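Everything on this sheet refers to the single structure shown next.
Remember, predicted model here, so these are calculated numbers, not experimental data. Atom set for the values below is all heavy atoms of this structure, side chains included, hydrogens, waters and symmetry mates excluded.
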Amino acid sequence: VQLQASGGGLVQAGDSLRLSCAASGRTSRLYATGWFRQAPGKEREFVAAISWSGGTTYYADSVKGRFTISRDNAKNTVYLQMNSLKPEDTAVYYCAAGTSPSASSYDYDYWGHGTLVTVSS
């Protein structure tokens, strides 16, 4: 499975962005997908995860109520809608695929290259 994250950019605080994670390869397997982020000088942290069916979602407390994860399996794509962005959301965002939705990066088998989100104050 190959994952390609896109949609990052430079925005102002309060703005919105939608990230996309497009999967290719053996996407016939039932993969859950997670979003993680890594800010400069900090460890990678969990942001959100979604099951293959879309029926189960998890969010980090820091983004709950502002970010929404969703998926379109017909397009093999998972989205992360980010609203009310804050400067502390600045990071490289990565998507990952695994067998079940999880907040642990160790539970994901495949990782895409990141997309940079920069939020100015």
Provide the closest heavy-atom pair for Val1 versus Ala23 in the form atom of the first, atom of the second, distance.
-> CG1-CB, 4.4 Å
For Val117 and Gly8, which heavy atoms make the closest approach, and how far apart are they?
-> CG2-CA, 4.0 Å
Approximate separation, where rounding is to 0.5 Å, of Arg71 CZ and Trp52 CH2 | 5.5 Å
Heavy-atom closest pair (Ser121 atom, Pro87 atom, distance to 0.1 Å) is CB-CG, 3.8 Å
Spacing of CZ belonging to Arg66 relative to OG belonging to Ser84, to within rounding of 0.5 Å | 7.0 Å
Kindly indicate whether the side chain of Asp15, heavy atoms from C-beta on, has any atom under 4.5 Å from the side chain of Val119.
-> no
Can you measure from OG1 (Thr90) to CG (Leu116) and round to the nearest 0.5 angstrom?
-> 8.0 Å
Taking side chain as C-beta onward, heavy atoms only, is Thr56 less than 4.5 Å from Ile50?
-> no
Where Leu3 and Cys95 come nearest, the two heavy atoms and their spacing = CD1-O, 3.7 Å
Phe67 side chain reached by Val47 side chain, heavy atoms, under 4.5 Å = yes
Verify same cluster id: Tyr108, Tyr31 (apolar side-chain graph, 4.5 Å) = no
Determine whether more than 12 heavy atoms belonging to other residues, nucleotides or ligands lie under 6.0 Å from atom NZ of Lys64.
-> yes
Does a side-chain heavy-atom distance below 4.5 Å link Trp111 with Ser105?
-> yes
Side chain to side chain donor-acceptor pair (under 3.5 Å) between Thr77 and Asp72: does it pass, once the steps are laid out?
-> CA-CA 5 Å; Thr77 301; Asp72 183 344; over 6 Å; no
Take Ser16 and Gln81 through the test side chain to side chain contact (heavy atoms under 4.5 Å, CB included) and record every step on the way to the result.
-> CA-CA 7 Å; Ser16 298; Gln81 178 66 44; 3.9 Å; yes
So how far is it from Ile69 CD1 to Tyr59 OH, rounded to the nearest 0.5 Å?
-> 6.5 Å
State, with a plain yes or no, whether a side-chain heavy atom of Asp107 is found less than 4.5 Å away from one of Thr99.
-> no
With a 3.5 Å cut-off and sequence neighbours excluded, list the donor-acceptor pairs that the side chains of residues 32-42 form with protein atoms.
{"unit_1": "Arg37", "atom_1": "NE", "unit_2": "Glu45", "atom_2": "OE2", "d": "2.6"}
{"unit_1": "Arg37", "atom_1": "NH1", "unit_2": "Asp89", "atom_2": "OD1", "d": "2.9"}
{"unit_1": "Arg37", "atom_1": "NH1", "unit_2": "Tyr93", "atom_2": "OH", "d": "2.9"}
{"unit_1": "Arg37", "atom_1": "NH2", "unit_2": "Glu45", "atom_2": "OE2", "d": "3.1"}
{"unit_1": "Gln38", "atom_1": "NE2", "unit_2": "Lys42", "atom_2": "O", "d": "3.0"}

Are the aromatic rings of Tyr58 and Phe46 close, with centres under 6.0 Å apart?
-> no
Quick one: does Leu80's side chain get under 4.5 Å of Val78's, heavy atoms only?
-> no
